[in-house]
Amino acid sequence: MKTSTFALLAGIAYLGAGLLGLVPAMLAPPPADAPPTSFGLLYGYLLGLFPVNIAHTGVHLLIGAWGIAAWRGLSSPALFARGVALLYGALAVMGMIPGLNTVFGWIPIHGHDVWLHAMTAAIASYFGWRNEVVHAEHRGLRKDRRHDMAPVMRERRSGFPDRRLTHGM
């Protein structure tokens, strides 16, 4: 898969997650032991698994838009993949630290978000730092080999390099 295809798929996935985060029916209320955030608007667990709030949803929408823009060529797909790898790698580590698992009270990144962010970072780093194989087009690059004038081995009997030459030359 090309890096631009990864940017498209990641963009669609994160735009979808962002749009789902805006639908209150898709959010389960947070449990009593969930860390509090300063943004309580649309705070809940997306699909009952992933903690989100309005700021988290906004980040998903921005990442999704950046992915689609990278796919369209408005930004570099490799730069998108590297940026996502670094951002989500840092968020995965922050989600495991109790004091930072709400990004200073703004965005909840604990629970199932940790493994999702780590998986996203790993896949994005693969596409961001790999060398893409570019297949060259071989058709039409050289003439038909029957038109090439390659030297023929020396004729043993008469000493001429080509049998079509006469003896008188």
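Given the structure is predicted, the values throughout are model-derived calculations rather than measurements.
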Joint hydrophobic cluster, [X] plus [Y], side-chain heavy atoms closer than 4.5 Å:
{"X": "Trp129", "Y": "Leu87", "value": "no"}
{"X": "Leu74", "Y": "Leu9", "value": "no"}
{"X": "Met119", "Y": "Leu91", "value": "yes"}

Enumerate the residue pairs fulfilling side-chain hydrogen bond (donor to acceptor under 3.5 Å, both in side chains) with a member in [range], sequence neighbours excluded, ordered by first and then second residue.
{"range": "residues 73-89", "answer": "Trp66-Ser75"}
{"range": "residues 30-46", "answer": "none"}
{"range": "residues 10-25", "answer": "Tyr14-Thr120"}

Spatial distance of atom [atom1] ([X]) from atom [atom2] ([Y]) [nearest 0.5 Å]:
{"X": "Met94", "Y": "His117", "atom1": "CE", "atom2": "NE2", "value": "11.0 Å"}
{"X": "Leu19", "Y": "Ile12", "atom1": "CG", "atom2": "CD1", "value": "11.5 Å"}
{"X": "Ile107", "Y": "Asp113", "atom1": "CD1", "atom2": "CG", "value": "10.5 Å"}

(request) Please assess Ile109 against Thr102 for the test side-chain contact (heavy atoms from CB on, under 4.5 Å), listing each intermediate value before the final yes or no. (result) CA-CA 6 Å; Ile109 54 171; Thr102 58; over 6 Å; no
(message) Test your reading of the model: is there a side-chain donor-acceptor pair from Ser125 to the backbone of Ala121, 3.5 Å cut-off?
(response)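 Side chain of Ser125 to backbone of Ala121, a donor-acceptor pair under 3.5 Å: yes, one is there.
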Could you tabulate the donor-acceptor pairs under 3.5 Å formed by side-chain atoms of residues 46-65, not counting sequence neighbours?
unit_1: Asn53; atom_1: OD1; unit_2: Ala55; atom_2: N; d: 3.3
unit_1: Asn53; atom_1: OD1; unit_2: His56; atom_2: N; d: 2.9
unit_1: Asn53; atom_1: ND2; unit_2: Phe39; atom_2: O; d: 3.3
unit_1: Asn53; atom_1: ND2; unit_2: Trp106; atom_2: O; d: 2.7
unit_1: His56; atom_1: ND1; unit_2: Pro51; atom_2: O; d: 3.2
unit_1: His56; atom_1: ND1; unit_2: Pro108; atom_2: O; d: 3.0
unit_1: His56; atom_1: NE2; unit_2: His60; atom_2: NE2; d: 3.3
unit_1: Thr57; atom_1: OG1; unit_2: Asn53; atom_2: O; d: 3.0

(message) List the residues meeting ring pair (Phe, Tyr, Trp, His ring centres under 6.0 Å) with Phe127, not counting sequence neighbours, and say none if there are none.
(response)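 Scan of Phe127 (ring pair (Phe, Tyr, Trp, His ring centres under 6.0 Å), adjacent residues dropped) gives Phe6.
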(message) The criterion is ring pair (Phe, Tyr, Trp, His ring centres under 6.0 Å); which residues satisfy it with Trp71, sequence neighbours excluded?
(response)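 Counting only residues at least two positions away or on another chain, Trp71 forms no ring pair (Phe, Tyr, Trp, His ring centres under 6.0 Å).
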(message) Would you say CZ of Arg130 has more than 12 non-hydrogen atoms from neighbouring residues, nucleotides or ligands within 6.0 angstrom?
(response)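 For Arg130, atom CZ is crowded (more than 12 foreign heavy atoms under 6.0 Å).
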On a heavy-atom basis, which atom in [X] and which in [Y] lie closest, and how many Å separate them?
{"X": "Val114", "Y": "Met96", "answer": "CG1-CG, 3.6 Å"}
{"X": "Val84", "Y": "Ala124", "answer": "CG1-CB, 3.8 Å"}
{"X": "Pro77", "Y": "Ala7", "answer": "CB-CB, 4.4 Å"}

